[in-house]
Structures are given as structure tokens and as C-alpha cells.
Amino acid sequence: MGRRIVVSGGGTGIGLATAESFAADGDRVVIVGRRAEVLRAAAEKINAATGADLVTWTSADLSDPEQTRSAAEFIAADGPVDVVVTNAGGNVAPGNDGTLEGIADQFQRNFSANVLTAVLLTEALLPHLTRPGGRIVHLSSVAALRGPGSYGGTKAHLHVYTYDLAKRLGAEGITANAVAPGYVQDTEFFGERGTPEFIAQQIGQTLTGQPGHPAEIAAAIRYLASPEAAYVTGQVLHINGGAQFGR
């Protein structure tokens with residue numbers, strides 16, 4: 001029997017590729033997100049591809065404590081969890097109207113979408129995480145190094161949270177790391193902002209002249225979640241084609 005994996009934001013993009021990668025190894029995966037119809041379709045797609053009912057789902061707004069608690073209870077009802085991947089979020093408020101109220105709303109919305117969704121799910125599942133051997137992987141972004149402000153700041157906060165978890169949990173045999181992608185195509189992240197000109201600009205910033213792919217990010221997550229990565233904790237792995245050097 002494979003390990004038990006939880007992937008938030010697992011219905012599309014990097015989260016979906018991550019769930020597919022774990023399921024291909026025979027792991028049991030629970031995908032979590034706000035959109036039930038998207039999660040259901042993703043689970044059906046993966047289960048059909050693997051020929052097994054390895055993927056289940058539960059919908060929740062993970063910035064809400066009560067909904068997160070209910071999701072964690074649903075997940076824990078089937079036993080311990082081996083890996084938690086927090087991928088939910090995005091730049092949900094890319095702009096503001098210039099007023100103090102608008103600026104506050106922009107920062108609060110991005111904080112809820114990117115920090116609270118990761119922190120609340122992680123903390124809710126910590127009592128159920130395998131000891132030793134548990135793995136936590138947060139999805140950060142190149143924006144943590146270079147902005148934009150409200151979104152980049154939330155991703156930088158995930159780095160600090162990752163370091164704190166690594167210190168708190170290391171003695172229990174649990175690792176905590178983050179992956180920080182640059183531009184990745186075939187996701188819903190940029191929406192209408194993803195014009196051909198914008199995409200060309202993003203690719204042009206890389207040293208490789210190539211976009212990233214969800215499967216590449218999923219492979220990095222899989223490594224950090226593996227038993228072979230037991231000596232890797234408190235780290236941020238930057239994957240951006242050299243568009244921004246890691247530090």
C-alpha cells in the first residue's frame with residue numbers, strides 16, 4: 001500500500017500534476033480546493049488513468065478555520081498522512097484602486113489566499129502526520145524574491161513559515177521545504193493577464209529560453225516528499241530557468 005498524500009489546489013495546474021505524479025507511484029491522494037466540480041473531474045481523470053481509485057477529494061475554503069478543520073477531519077478519518085503539499089492560492093488581487101481601503105483589501109485577500117490556506121491546512125494535519133518520515137512541501141514563487149508586493153510578500157512569508165516548521169518538527173523526523181517556481185505554462189495562474197506578449201516577456205527573462213511545465217515542478221515536489229530527502233529540510237528550491245538566482 002502506498003503512502004497517503006494531501007495536495008491542496010489539486011484540481012488544476014501544478015497541483016493536478018503533483019497529484020498525478022504521486023498516484024502514478026501507487027500513492028493514495030486527497031486533493032483539496034474550493035471548486036467541487038473541478039476536484040471531482042480531476043479525481044476521475046487520474047483514477048481512470050491509473051485504473052484504481054487512488055484519488056479522493058474534499059472541497060473547502062482553506063482560509064476559513066472551520067472549513068479547514070472539517071477537511072482535516074475528513075482526511076484523518078482514513079488514517080495517518082505521510083505528505084502535505086500546500087499548493088492552493090495565487091495572485092487573487094493583482095491590483096487595487098489606489099485608496100488605502102483598496103490597498104488593505106489587496107494585501108488581506110492575497111494573505112488569506114496564500115498564507116492562511118497553507119498554514120491552516122498544515123497545522124490542522126500536523127497531529128496526523130507520520131512520525132518519523134512526514135513531509136511538508138509548500139508552493140512558493142519567484143515573486144517571493146522580486147515581487148509584486150502583496151503577492152510576493154505572502155510567498156516570502158511561506159519561506160519563514162517553512163523555516164519555523166523545520167525547526168519545530170525536525171526532532172520528530174518531519175521535514176519542511178518549499179518549492180518556488182518561476183513562469184510555468186499550462187496553469188490558470190495568470191488568467192487574462194497571460195497574453196502572448198506577457199508570456200514572451202516571462203520566457204525572455206529565463207537563461208534557458210523555455211517556460212516551466214507543471215510536471216517539472218511536480219517532480220521537484222516528489223523528490224522533497226520522498227524518503228531519500230530525509231536530510232533536506234528548511235530549504236527553498238527555486239525553479240525558474242535562471243530568471244532569478246536563488247538565495
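All residue numbers refer to positions in the sequence shown, counting from 1.
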Participant: Under 3.5 Å, which donor-acceptor pairs link side chains of residues 53-62 to any protein atom two or more places apart or in another chain?
Facilitator:
unit_1: Asp61; atom_1: OD1; unit_2: Ser63; atom_2: N; d: 3.0
unit_1: Asp61; atom_1: OD1; unit_2: Ser63; atom_2: OG; d: 2.7

Participant: Answer yes if Phe22 and Leu39 sit in the same cluster of Ile, Leu, Val, Met, Phe, Trp and Tyr residues linked by side chain heavy atoms under 4.5 Å apart, and no otherwise.
Facilitator: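 Looking at the clustering, Leu39 is in the same group as Phe22.
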Participant: Only pairs at least two apart or in different chains count here, so list each side-chain hydrogen bond (donor to acceptor under 3.5 Å, both in side chains) that has a residue in residues 70-82.
Facilitator: Asp82-Thr130
Participant: Quick check: closest heavy atoms across Ala144 and Ala156, and the distance to 0.1 Å?
Facilitator: CB-N, 3.6 Å
Participant: Ring pair (Phe, Tyr, Trp, His ring centres under 6.0 Å) for His238 and Phe245? Distances and angles first, verdict last.
Facilitator: CA-CA 8 Å; His238 296 275; Phe245 294 151; over 10 Å; no
Participant: Using side-chain heavy atoms (C-beta onward) and a distance below 4.5 Å, is Leu116 in contact with Phe111?
Facilitator: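 Contact flag for Leu116/Phe111 side chains = yes.
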Participant: Should Leu16 and Val84 be regarded as members of a common hydrophobic cluster, given that ILVMFWY residues are connected when their side-chain heavy atoms come within less than 4.5 Å of each other, either directly or indirectly?
Facilitator: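 As far as the 4.5 Å side-chain criterion goes, Val84 and Leu16 are not connected within one cluster.
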Participant: How would you list all residue pairs meeting side-chain hydrogen bond (donor to acceptor under 3.5 Å, both in side chains) that involve residues 42-52, not counting sequence neighbours?
Facilitator: Glu20-Lys45
Participant: With a 4.5 Å limit on heavy-atom distance, are the side chains of Ile174 and Pro132 in contact?
Facilitator: no
Participant: Report yes if the side chains of Leu224 and Thr175 come closer than 4.5 Å at any heavy-atom pair, otherwise no.
Facilitator: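 Result no, sub-4.5 Å side-chain heavy-atom pair not found.
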Participant: Group every Ile, Leu, Val, Met, Phe, Trp and Tyr by side-chain heavy-atom contacts under 4.5 Å, then state whether Leu158 and Val236 land in the same group.
Facilitator: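 No, no single cluster joins them.
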Participant: Strictly below 4.0 Å, N to O, side chains only: are Arg168 and Glu123 in salt-bridge contact?
Facilitator: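 Salt bridge present between Arg168 and Glu123.
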Participant: Got a salt bridge between Asp25 and Arg3, using NZ or NE/NH1/NH2 to carboxylate O under 4.0 Å?
Facilitator: no
Participant: Could you tell me whether a side-chain N or O of Arg4 sits under 3.5 Å from a main-chain N or O of Gly79, the two making a donor and an acceptor?
Facilitator: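 Checking the backbone N and O of Gly79 against the side chain of Arg4, a donor-acceptor pair under 3.5 Å is found.
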Participant: So, for Ala42 and Gly11, which heavy atoms are closest and what is the spacing to 0.1 Å?
Facilitator: CB-O, 3.8 Å
Participant: Side-chain donor-acceptor pairs under 3.5 Å in residues 209-219, sequence neighbours left out?
Facilitator:
unit_1: His213; atom_1: ND1; unit_2: Gln185; atom_2: NE2; d: 3.3
unit_1: Glu216; atom_1: OE1; unit_2: His213; atom_2: N; d: 2.9

Participant: Do Leu139 and Thr86 come within less than 4.5 Å of each other through their side chains, counting heavy atoms only?
Facilitator: no
Participant: Roughly how far apart are His157 NE2 and Asn110 CG, rounded to 0.5 Å?
Facilitator: 13.5 Å
Participant: Against Tyr183, only a single residue in Ile203, Val142, Asn240 fulfils side chain to side chain contact (heavy atoms under 4.5 Å, CB included); can you say which?
Facilitator: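 Per the side chain to side chain contact (heavy atoms under 4.5 Å, CB included) rule, the option paired with Tyr183 is Ile203, out of Ile203, Val142, Asn240.
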Participant: Contact between Asn91 and Thr154 at the side-chain level, heavy atoms closer than 4.5 Å - yes or no?
Facilitator: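 Asn91 vs Thr154: side chains apart.
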Participant: Would you please test Arg69 and Glu66 for salt bridge (Lys or Arg N to Asp or Glu O under 4.0 Å) and show each step?
Facilitator: CA-CA 5 Å; Arg69 184 179 295 110; Glu66 187 54 42; 2.6 Å; yes
Participant: Is there a donor-acceptor contact under 3.5 Å from the side chain of Thr195 to the main chain of Phe198?
Facilitator: yes
Participant: Tell me the closest heavy-atom pair linking Gly90 and Ala113, and the distance in Å.
Facilitator: O-CB, 4.3 Å
Participant: Compare all side-chain heavy atoms of Phe107 with those of Asn96 and state whether any distance is below 4.5 angstrom.
Facilitator: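 No, every pair of side-chain atoms sits at 4.5 Å or beyond.
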Participant: Do side-chain atoms of Arg135 reach the backbone of Ser226 as a donor and acceptor pair under 3.5 angstrom?
Facilitator: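 Yes, because the side chain of Arg135 sits within donor-acceptor range (under 3.5 Å) of the backbone of Ser226.
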Participant: Taking all atoms of both residues into account, what is the closest heavy-atom pair of Ala220 and Leu237, and its distance?
Facilitator: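 The pair with the smallest heavy-atom distance is CB-CD2, 3.8 Å.
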Participant: With the 4.5 Å side-chain cut-off for hydrophobic clustering, are Val81 and Phe74 part of the same group?
Facilitator: yes
Participant: When you measure from the side chain of Gln235 to the backbone of Thr233, do you find a donor-acceptor pair of N or O atoms at a distance under 3.5 Å?
Facilitator: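 Side chain of Gln235 to backbone of Thr233: a pair is present.
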Participant: Return the CD to OH distance between Glu228 and Tyr223, rounded to the nearest 0.5 Å.
Facilitator: 8.0 Å
Participant: Look at the side chain of Ser21 and the backbone N and O of Thr18, then say whether any donor-acceptor pair between them is shorter than 3.5 Å.
Facilitator: no
Participant: Could you report the tightest heavy-atom contact between Ile103 and Gly98, atom names first, then the distance?
Facilitator: CD1-O, 4.1 Å
Participant: With sequence neighbours left out, what residues match Arg34 under salt bridge (charged side-chain N to carboxylate O under 4.0 Å, His left out)?
Facilitator: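 Arg34 satisfies salt bridge (charged side-chain N to carboxylate O under 4.0 Å, His left out) with no other residue.
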Participant: Find out whether Tyr151 and Val92 are in side-chain contact, i.e. whether some heavy atom of one side chain is under 4.5 Å from a heavy atom of the other.
Facilitator: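 They are not in side-chain contact.
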Participant: Quick one: are Val7 and Val32 in side-chain contact, heavy atoms under 4.5 Å?
Facilitator: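 A side-chain contact is absent here, since even the closest heavy-atom pair is not under 4.5 Å.
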Participant: Can you measure from CZ (Arg146) to CD (Gln244) and round to the nearest 0.5 angstrom?
Facilitator: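 Between atom CZ of Arg146 and atom CD of Gln244 there are 5.5 Å.
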Participant: What distance separates Ile239 CD1 from Ile14 CD1, expressed to the nearest 0.5 Å?
Facilitator: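 Ile239 atom CD1 to Ile14 atom CD1 measures 8.5 Å (nearest 0.5 Å).
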Participant: Would you find a donor on one side and an acceptor on the other, under 3.5 Å apart, between the side chain of Asp164 and the backbone of Val160?
Facilitator: no
Participant: Ile136 and Thr122: side chain to side chain contact (heavy atoms under 4.5 Å, CB included), yes or no, with the steps?
Facilitator: CA-CA 8 Å; Ile136 300 167; Thr122 301; 3.9 Å; yes
Participant: Between Gly134 and Leu129, what is the shortest heavy-atom contact and its length?
Facilitator: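 Shortest heavy-atom contact: CA-CG, 4.1 Å.
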Participant: When rounded to the nearest 0.5 angstrom, what is the spacing between CG in Leu120 and OG in Ser8?
Facilitator: 11.0 Å
Participant: Hydrophobic clustering (ILVMFWY, side-chain heavy atoms < 4.5 Å, transitive) - are Val115 and Leu125 grouped together?
Facilitator: yes
Participant: According to the salt bridge (Lys or Arg N to Asp or Glu O under 4.0 Å) rule, which pairs have a member within residues 93-108, sequence neighbours left out?
Facilitator: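 Salt bridge (Lys or Arg N to Asp or Glu O under 4.0 Å) check on residues 93-108 returns Asp105-Arg109.
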Participant: Sort out for me which residue in Leu165, Asn177, Val179, Asn87 forms a side chain to side chain contact (heavy atoms under 4.5 Å, CB included) with His138.
Facilitator: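 Single side chain to side chain contact (heavy atoms under 4.5 Å, CB included) partner of His138 among Leu165, Asn177, Val179, Asn87: Leu165.
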